[in-house]
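Right, one structure below, let's go through it.
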Number of protein chains: 4
Amino acid sequence: MKPVCLVMGAGAGIGGTVGKKFALEGYHSVLCRRSDKEGLDKMVGDIKENGGEATGFLLNAVEDNAIEDRVAAVEKDIGPIEVVVFNLGAQIGDRALADTNYKQFELGWRMATFALFRIAKSVCPLMEERGRGTFLVTSATAAVRGNKGQHSHAAAMGGRRMLCQTLNAEMSPKGIHIAHILIDGAVDAPDTLGKMLGADNFQKLRETRGLEHDGLLLPEKVADTYYHISQQHRSVWTHELDLRSFSDQPWWNH
Amino acid sequence: MKPVCLVMGAGAGIGGTVGKKFALEGYHSVLCRRSDKEGLDKMVGDIKENGGEATGFLLNAVEDNAIEDRVAAVEKDIGPIEVVVFNLGAQIGDRALADTNYKQFELGWRMATFALFRIAKSVCPLMEERGRGTFLVTSATAAVRGNKGQHSHAAAMGGRRMLCQTLNAEMSPKGIHIAHILIDGAVDAPDTLGKMLGADNFQKLRETRGLEHDGLLLPEKVADTYYHISQQHRSVWTHELDLRSFSDQPWWNH
Amino acid sequence: MKPVCLVMGAGAGIGGTVGKKFALEGYHSVLCRRSDKEGLDKMVGDIKENGGEATGFLLNAVEDNAIEDRVAAVEKDIGPIEVVVFNLGAQIGDRALADTNYKQFELGWRMATFALFRIAKSVCPLMEERGRGTFLVTSATAAVRGNKGQHSHAAAMGGRRMLCQTLNAEMSPKGIHIAHILIDGAVDAPDTLGKMLGADNFQKLRETRGLEHDGLLLPEKVADTYYHISQQHRSVWTHELDLRSFSDQPWWNH
Amino acid sequence: MKPVCLVMGAGAGIGGTVGKKFALEGYHSVLCRRSDKEGLDKMVGDIKENGGEATGFLLNAVEDNAIEDRVAAVEKDIGPIEVVVFNLGAQIGDRALADTNYKQFELGWRMATFALFRIAKSVCPLMEERGRGTFLVTSATAAVRGNKGQHSHAAAMGGRRMLCQTLNAEMSPKGIHIAHILIDGAVDAPDTLGKMLGADNFQKLRETRGLEHDGLLLPEKVADTYYHISQQHRSVWTHELDLRSFSDQPWWNH
């Protein structure tokens, strides 16, 4: 029975691509996403064609028990969850305070912070028993600085980052590796950036900054680093790292 | 009509003492706290005896509309809110992941993060219209690092800090000063530390570290700095500062 | 005999103005700067006319013994140094790596880092004996993030910030308050910004952003906060704070 | 002609082991260290026996022209420097301010900060011309917080970190990857920790925390991550990451 890599937020960007990487390295990847059954099936099919194992589930992470039940079913039906890739985003674009309502603010927290707490509550006890496990938490610049219009996103991501630190403080000595991975730039991902910009603008951006310019983070290259982090020997664990294109400015530079 | 200093979390520690300071400097202090009508009346009475103006309200900040209605009533009945002292804590002591339940985690967020968002939504438009205002947000070390057992507290405070940054990014150019004040040490406060430790242990701590040793933050001295920050000229605003006793180690030192 | 406030880097900006503030609050201000005897005499004269005490010295801080001898002479001839305002800058403008030579890089360190170490070595033992003292260290955004072209300045300021933390760790429990004050914006100061921009551009900037716009930090307002920090009760010391105009973006926002 | 991996500070710990890793992956490793010709020869011999290429040089990095001349000679005689592993330490143990003299403080800067500036000045123009290159800079917790007794070390490392950021800001868009690698724990290295503790204490520490406990960072495992970082695709570069044993507390936790 293969160890399981459970991906929360498995769109056609970092999530799905990291899932594929783990599948090709010998894990059974369980890909969970909110919508787009067709896209999900395509990802699973693509992995299988390449000789990997994968299963896909549509799942609304903010619903009661959706995460908890899925974790239980995966452990029962598929195998032990060795790696969690927590890739749920909560970016809703820049909105002034007046244009950010309570519901949006709460939803940001439910996606980006509370869902991580819930999956940690569900999976950590199992990993503890087995003495090993890995959480690869995709994060954003908004976790370390709050920009204009990012009320919901930054508050949720700031909470996520601190939660990663408290999880690490308790779980690391028990053999569970928690990594907070700061994606500090635009990703060449049709499901997130593509949808935010619209097809035409996304294609334009790819042509001017992406593709051969390498100015957008390529998901398959991101996946290499996620995989490396998951394989670090326990004497040398990384808790936090940043990733951006060589041609991009880090968040701390103007 | 005096300008109003609205204190959320006006216990017999930083909150109430800062409220008193502002009252003695010419504000009408509106003191809000969840419980202890007697303690609240005593604080209001103490301010009045010293020649200041104050009004007290019992208020459960996490209840729907509690903050929103109070803000509206204060503006209508008492005066324009010029200063908000946001002093709601969310410390529940160190608890392992297994001992932290969903309800606690959510409550931490409702107190420490969402309540700040709600009061900002309520008060900022009024301050914007008037072209001025100040938010003094009491914060904790947990906003910048997540220690073992602090899952709920750190996630909530990390969100609070990022929210202060997004509020500042939008509101500062409109004349609203947002200050994130990192209280990095134990406070000589019977209502918080006192209750957490119990009366005897609290008294012991005061005798060994507090009182003439000055090893606990004295609320009235904290209040001096809160007041100074609120009076900074708009050409020199502080967004973040830390406070601790001279004899305490900062959080970043072992 | 009045306590002494010793200002290193007492130009017509933050340094001289903070010196004046302390003089008017009852200190004897000792103003040290590298050049411009006339400007120095004017500052001293201005303080005296306003009823304060001050003495001025021209002093090249990077010269061997210049700091050490001055400290000794001040203690002998004027009074006990209670406050050090360390205000030496090391900004040389943006220069590519190829255009930054060894001498400039070393000079940056001698001014911004080593001079602070030297004055701390000279003054701390005296303050320790007296059980009290304050270092107000002017710092820059370059202490927390390294921007393009800032090789010399950022390396020197990053060293300065860490040195402030090690000094604080050792000296704070002995009653010596070390404050690292991050000036995160342009200062309305003819001696620094004015010289960097040239008289005409400086005046234009003042007209568009400064003066009634309050978009440049006003030295006399900066001085109010320096003074407040120096007077904080030892139960509530601030080690680090930032200062910028309300209309300026903090360094962490784009 | 193989690309060169130039290691500054190639002791029997991270430096030498990273050098060996790169040699086994196809680089010619040039190992530079201050002393111990025998140890250096042994490392070079070990690499050659394993089928790699390596050359060793004794070199005192703080001497005038030592770095500059070595870089020039390597480029002329061995090959193009594609990777610099900058591994010079400057830890002198905890010393009170009174016990840290000017010479030590300056030496710390010469080793940890200025030597990096010098090697960057020497190598970056060559890498720029070739459009590619990597700097892997070993760093320490002292780069991000200044602990008691670390005056020299923290000031030097704080400068190093900011210098890495300014180098990155200028060089990254030119294809030169700068990585600041925070070693946040004790390394199982006889040449550094071993010498600091003495042979007996070092062996005891290895038996209680190291060896099968994996509580000390294993240099060969550190080397895996250094190598991974050097091979990251330019669309996904990491500038900063931390490394510590799973059983160690991160610097930000008490």
Side-chain angles (χ1 to χ4, degrees), chain A residues 64-65 68 94-102 104-106 108-110 112-114 116-118 120-125 128 140-174 176 178 180 239, chain B residues 64-65 68 94-102 104-106 108-110 112-114 116-118 120-125 128 140-174 176 178 180 239:
Chain A
D64 282 357
N65 300 315
E68 296 76 358
D94 289 340
R95 290 168 195 240
L97 185 62
D99 301 328
T100 313
N101 61 38
Y102 288 3
Q104 290 163 333
F105 192 83
E106 177 163 349
W109 172 78
R110 290 206 176 275
T113 319
F114 189 46
L116 175 59
F117 179 71
R118 287 166 56 207
K121 288 275 293 178
S122 303
V123 178
C124 283
E128 264 189 80
T141 321
V144 284
R145 65 97 180 265
N147 267 356
K148 201 172 162 178
Q150 293 281 298
H151 303 294
S152 165
H153 189 227
M157 286 294 176
R160 179 186 283 193
R161 182 167 179 255
M162 284 302 104
L163 179 56
C164 283
Q165 292 193 2
T166 59
L167 289 173
N168 175 72
E170 181 173 340
M171 295 302 158
S172 181
K174 296 175 175 172
I176 305 174
I178 315 280
H180 182 258
H239 176 68
Chain B
D64 283 355
N65 300 314
E68 295 77 358
D94 289 340
R95 289 166 194 240
L97 185 62
D99 301 329
T100 313
N101 61 38
Y102 288 4
Q104 290 162 333
F105 192 83
E106 178 164 346
W109 172 79
R110 289 204 176 277
T113 318
F114 190 46
L116 175 58
F117 179 71
R118 287 166 58 206
K121 288 275 292 178
S122 304
V123 178
C124 283
E128 263 188 80
T141 321
V144 284
R145 66 96 183 267
N147 267 356
K148 202 171 162 180
Q150 292 281 298
H151 303 294
S152 165
H153 189 228
M157 285 295 176
R160 179 186 282 193
R161 182 168 180 256
M162 283 302 106
L163 179 57
C164 284
Q165 292 193 2
T166 59
L167 289 173
N168 176 71
E170 182 175 338
M171 295 303 158
S172 180
K174 296 175 174 172
I176 305 173
I178 315 281
H180 182 258
H239 176 69

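Sequence lines set the chain letters: A, B, ... in the order given, protein chains first and strands last, and positions in each chain run from 1. Values in this document were obtained by computation on a predicted structure and should not be read as measured data.
- Ranked by heavy-atom pairs under 4.5 Å with chain B, the list A/Arg145, A/Arg110, A/His153, A/Glu106 is led by A/Glu106.
- Once rounded to the nearest 0.5 Å, the distance linking OG1 of A/Thr100 with CG of A/Leu97 reads 6.0 Å.
- With a threshold of 4.5 angstrom between heavy atoms, B/Ala143 approaches chain A through N, CA, C or O but not through any side-chain atom.
- The part of A/Ala98 that comes within reach of chain B is its backbone (N, CA, C, O), which places non-hydrogen atoms under 4.5 angstrom from that chain.
- Remark: side-chain polar atoms of A/His239 are paired, donor with acceptor, to backbone N or O of A/Ile178 under 3.5 angstrom.
- With respect to chain B, the highest number of heavy-atom pairs below 4.5 Å among A/Gly146, A/Ala154, A/Ala169 belongs to A/Gly146.
- The most heavy-atom pairs under 4.5 Å with chain A, out of B/Leu167, B/Asn168, B/Thr113, come from B/Leu167.
- Chain B forms more heavy-atom pairs under 4.5 Å with one residue of A/Glu170, A/Gln150, A/Lys148 than with any other, namely A/Glu170.
- Residues A/Arg161 and A/Gln165 form a side-chain contact, since some pair of their non-hydrogen atoms from C-beta on lies under 4.5 Å apart.
- The distance from the CG atom of B/Asn101 to the CD atom of B/Gln104 is 4.0 Å, given to the nearest 0.5 Å.
- B/Ala112 does not touch chain A: none of its heavy atoms, backbone or side chain, sits under 4.5 Å away.
- Considering all non-hydrogen atoms of both residues, A/Ala156 and A/Gly108 come closest at CB-O, 3.4 Å.
- For chain B, no part of A/Leu116 is nearby; none of its heavy atoms comes within less than 4.5 Å.
- Comparing A/Pro125, A/Ala96, A/Cys164 by how many heavy-atom pairs each has under 4.5 Å with chain B, the most go to A/Ala96.
- When heavy atoms are compared at a cutoff of 4.5 Å, B/Ser152 does not approach chain A at all.
- Only the side chain of A/Met171 comes within less than 4.5 Å of a heavy atom in chain B; its backbone stays farther off.
- Among the candidates A/Arg118, A/Arg160, A/His151, the residue making the largest number of heavy-atom pairs closer than 4.5 Å to chain B is A/His151.
- The shortest heavy-atom contact between B/Thr166 and B/Leu163 is OG1-O, 3.0 Å.
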